[in-house]
Amino acid sequence: MSHPNRPHDVSFPFSWRFLQTGWRLLFFNQGDWRDDPKQSAAYNRGGYLVEALSHCQECHTPRNPLGGLDRSKPFAGTPHGPEGVLVPNITPDPETGIGNWGKDDLAQMLKTGETPEFSTVAKSMGEAIDDGLKYLTEEDRAAIATYILAQKPIRNAVRAAGK
Ligand code: HEC
C-alpha cells in the first residue's frame, strides 16, 4: 500500500481519493445525473457537468460524521474541506452564499479564478480551474453557473476557526 493510514484518511475515506492524484474532471459514473425534462437545456447540461463530471459537491457540501456527503445541505460549504481548508457556501443565499453573484460572474470565476469581490480563488479551487474548468467551453461554464444559481439557497455561514 502506498498510502499508509494517516489521520485524515479516517474521517475522509475513499470519496476524496481523487485528491490524492490531484483534482481533474473525472467521470465517476454517468448515472450520477438524470435530466429533468421540466428544466432548461442549460440547467440539465450544467447539472450533468456539476454532478457527474466536476464534483463541486465533493468539496462544497459538508460531510456527515461517517464522511459521506450531507445531502440535506448541498453546496452549503464547510470549514472542514479537503486538506482542512474552508470551502465557501456556493448556494444562492444572498448573505452566506453567492446570491449576489450574477451568472456571468460565476462563469467568469470558473475560467479565471477572479470573483466579483475582486479576489482570486486559490487552493484546491485554483487547481480545479487550472486542471479542468478553464478548458471547458464558455457554454459549459455558463451552464454550470445556471445550475448552481438555480439551487435552493441555504443559510450557512462558513467561518474559519477563530474568525
Ligand atoms: C477540490 C475541491 C473543490 C472543488 C472540486 C470545487 N471547489 Fe469551489 N472552492 C473550493 C475551495 C477550497 C474554495 C475557496 C478558495 C479560496 O479560499 O481561495 C472554493 C471557492 C469557490 C467559489 C468562490 C466562493 C466565494 O464566496 O468566493 C465558488 C463560486 C466555487 N468554489 C464554485 C465551485 C463550482 C461551481 C465547482 C464545480 C464546478 C467547484 N467550486 C468545485 C474547493 C473546490
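One-based numbering, in listed order, for ligands and for the atoms of each.
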Inset, instruction - Could you list the atoms of ligand 1 found under 4.0 angstrom from a heavy atom of Val85? - result: 12 (C)
Legend entry - Test of proximity, Lys123 against ligand 1: N or O pairs below 3.5 Å: yes
Legend entry - atom 8 (Fe) of ligand 1 reached by His60 (N, O or S, under 2.8 Å): yes
Legend entry - Glu51 side chain to Gln57 side chain, donor-acceptor N/O pair below 3.5 angstrom: yes
Inset, instruction - Would you tell me whether Thr91 and Asp93 have side-chain atoms, one donor and one acceptor, within less than 3.5 Å of each other? - result: no
Legend entry - Element-labelled atoms of ligand 1 that are located less than 4.0 Å from some non-hydrogen atom of Met109: 22 (C), 28 (C), 29 (C), 30 (C), 32 (C)
Legend entry - Nearest atoms (heavy-atom pairs only) where Thr78 meets Val158: C-CG1, 3.5 Å
Legend entry - Proximal ligand 1 atoms for Trp101, defined as those under 4.0 Å from one of its heavy atoms: 23 (C), 25 (C), 27 (O), 29 (C)
Legend entry - Cys59 neighbourhood, listing ligand 1 atoms whose heavy-atom distance to it stays under 4.0 Å: 1 (C), 2 (C), 3 (C), 4 (C), 5 (C), 42 (C), 43 (C)
Inset, instruction - Output yes when a side-chain donor or acceptor of Trp33 lies under 3.5 Å from a complementary backbone atom of Asn44, and no otherwise. - result: yes
Inset, instruction - Taking only heavy atoms of His55 into account, list the atoms of ligand 1 that are under 4.0 Å away from them. - result: 5 (C)
Legend entry - Atom indices of ligand 1, in the order listed, that fall short of 4.0 Å to a heavy atom of Ser54: 5 (C), 37 (C), 38 (C)
Legend entry - Taking every non-hydrogen atom, the tightest pair across Lys73 and Thr61: O-CG2, 3.7 Å
Inset, instruction - Could you tell me whether Ile148 and ligand 1 have an N or O pair separated by under 3.5 Å? - result: no
Legend entry - Minimum-distance pair of heavy atoms, taken over all atoms of Ile129 and Met109: CD1-O, 3.3 Å
Inset, instruction - Ignoring hydrogens and angles, tell me if any N or O in the side chain of Arg141 forms a donor-acceptor pair with the backbone of Leu133 under 3.5 Å. - result: yes
Legend entry - Best match, Glu127, Arg141, Met125, Glu117: closest heavy atom to atom 7 (N) of ligand 1: Met125
Inset, instruction - Determine whether any heavy atom of Gly81 lies closer than 4.0 Å to an atom of ligand 1. - result: no
Inset, instruction - Select one of side chain, backbone, both or neither to describe which atoms of Cys56 lie under 4.0 Å from any atom of ligand 1, heavy atoms only. - result: both
Inset, instruction - Return the minimal non-hydrogen interatomic distance between Pro74 and Ile154, and the atom names on each side. - result: O-CD1, 3.6 Å
Legend entry - Nearest atoms (heavy-atom pairs only) where Tyr135 meets Asp130: CE1-O, 3.3 Å
Inset, instruction - Give the atoms of ligand 1, by number and element, whose distance to some non-hydrogen atom of Leu86 is under 4.0 Å. - result: 12 (C)
Legend entry - Proximal atoms of ligand 1 relative to Ser124 (non-hydrogen, under 4.0 Å): 1 (C), 2 (C), 12 (C), 42 (C)
